[in-house]
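Notes for the one structure printed next.
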Amino acid sequence: MSVALRRALLAVVGLVFLLPIVAMVEFTLRSPSGTGYGLDHWAAILDPERERSYRNLFEGVGNSLTLAVLTAALVLVLLVPTMVLVSLRYPRLMRVLEFVCIVPITVPAIVLVVGLAPVYGVVVRVAGGGTWTLALAYGVTVLPFAFRALQTDLSASNLGTLTEAARTLGASWPRVLTTVIVPTLRRGILAATFITVAVVLGEYTIASLLNRVNLQTALVQVSRSDPYAAVIFALLALLFAFTLLLLIGRVGTARAAGVPTAAPADPAASASALAAAAPPPSPTTSSKAAR
Amino acid sequence: MTSSSPVVPADRADRADRADPTSPRGAGASVELRSVVKQYAGHTALNGIDLTLRPGELVAVLGPSGCGKTTALRALAGLERVTAGSILVDGVDVVDVPTHRRDVGMVFQSYSLFPHLTVRQNVEFGLRMRGVDRRGRAARSGEALDLVGLSALGERYAHQLSGGQQQRVALARALVTRPRVLLLDEPLSALDAKVRVQLRDEIRRIQHELDITTMFVTHDQEEALAIADRVAVMRDGRIEQVGTPESLYSAPQTEFVAQFVGVSNRVPGDVVGGLARVAGAELPVVGAPADGPVWVLVRPENIALADTGVAGVVEAVMFLGPVCRSTVRLANGTVLQVQHRVEERRPAGTAVHLRFEAGAVAVLPRD
């Protein structure tokens, strides 16, 4: 493929991604009077007098961030040791684990919710109806992304030999985990964390159907009364997801350049998962922005 | 199985002293594998092996792929739990001692440097695990890197080193704690031929300097013969023969050893009165076998091209650098490998005569 053709393709793809974002930015900059542009809508979000209007939105942001942290912790605490254990001790079970972890991506969210509804009946009785309990459901939905991110690093690193080398050098299992396994899988762990955060920030269906407030449900709600605020928050969420993507890329590049790893960088896998998980503008807000 | 106690002394100061790679010789331990059995599901990897390593000795464990040599080494390291038998280090059974307390240093076949650490940090890893302070670690890692000639590369990462350099760092890392036993699991097999010979000689030099008991696993017979004080040849989970390289080469006790260690011609003959009669020649025999039909094992370098002697026809000639090896078919159909000078090379199809040199030959019973 020639350089010119490559650049042309890149430009077309860039435009496809850029146009809706530019349209959203343009929408948020429209003056309330209907003529000209200004930062009035952006300033209004920070206006203390209008705090009540956006209370639900800020609550949604807070809930989503809490859920992101909880889900990431849940996934890492459960998935990393499991994958390491399976990889080192029971490599034949990796296929089974992969199947189990990938299954959630094949189940539509609505079906997942139908299954989760009775489960949450029990969860509410045991742990209360706090929004944080959504982290349990999100832990399942992010499994495919987190698994892939970790699997890339795991399969490319010679973890078995590294672990054995550490053992012969006098490291106990806890020290092997902290001084060898986690640093070796650092890139995969970071990618899994970032992707988890992005997926959780973009989740709408489960929260809506289980009647919880998170960023996306709050966006839809606020878009009915203030579409500008909804688009602004959607843009900020996109920016946040984009920053995470850049961070993943930087981690990969840093490793390739200075801090080595046996794992080749796999930005494509991370990027595609992150792009898929990035919170899109809700249907309501995007349609209004396009008008 | 006898009860076991940790091989590693609890006192860290003692350990730190022993971690000095420049400390006097004599730190090597005696190692004894007694009737060690290792079974996986339906497969016996080690079938009751017995092997003793004397303090400071380098024993090469030689055998084809799947013979159990790496399993034996891993059992000694504690990376494989044995099914039966005992492993004694300085007379103490270590079968129940976990790997990280066995006080062994190990170099693996595949590169095993920690990718997130520099060369120096890699070498210091074992000292960190033993609680050696920063100054002590710096001094000892420096000495260990000096030992392998890589003190200038301390701040590099593994991916910035060649394969040979990585294995030398792995060797320094394994030695810096001054373990009582050094285990080398085919450490040269991933390297190119020239580097392999250089590193092999270096391992031997360092092992001599430190007088450390060493088990060296390899499938390369040349490597085993060149480096080892003694060689243990393994086959199907058993040890076929243990001996000095010279004794293995000149007096193999089984056909497998004869074929695996060097190239050997197996010729039918008879022992009569302490001499082997083969193809019209009478040759002195290793040992004192009974009279009767035997297989006579003759090395290619013990057969020479001559003007008179056993007649044959050259079938093929292989150029090996300083020498050539010709395949000669005798009139009775026996095919022999003959090693000779390059100038004596004859083209395929040439009629030649062979003379058996006077060196003692090994014989095996022939039914």
With heavy-atom distances below 4.5 Å as the criterion, would you say the side chains of B:Tyr111 and A:Asn158 are in contact?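 No, every pair of side-chain atoms sits at 4.5 Å or beyond.
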
Original post:
Hey, does A:Thr184 have a side-chain heavy atom less than 4.5 Å from the side chain of B:Phe114?
Top reply: no

Once rounded to the nearest 0.5 Å, what's the spacing between atom [atom1] of [X] and atom [atom2] of [Y]?
X        : Y        : atom1 : atom2 : result
B:Leu183 : A:Thr168 : CG    : OG1   : 8.0 Å
B:His116 : A:Thr179 : NE2   : OG1   : 6.5 Å
B:Met106 : A:Thr161 : CE    : OG1   : 9.0 Å
B:Met129 : A:Ser172 : CE    : OG    : 8.0 Å

Okay, B:Leu113 and chain A: the region with an atom under 4.5 Å from a heavy atom over there is backbone

- prompt: Has A:Phe99 got more than 12 heavy atoms of other residues, nucleotides or ligands less than 6.0 Å from its CZ?
  reply: no

Checklist entry - Is the count of non-hydrogen atoms from other residues, nucleotides or ligands lying under 6.0 Å from A:Arg6 atom CZ greater than 12? => result yes

Highest number of heavy-atom pairs under 4.5 Å with chain A among B:Arg128, B:Arg156, B:Arg74 belongs to B:Arg74

- Among the options B:Ser112, B:Gly105, B:Ala77, pick out the one with the most heavy-atom pairs lying under 4.5 Å from chain A.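 Between B:Ser112, B:Gly105, B:Ala77, the count favours B:Ser112.
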
Between B:Arg130 (side chain only) and A:Leu169 (backbone N and O only), is there a donor and an acceptor less than 3.5 Å apart? yes

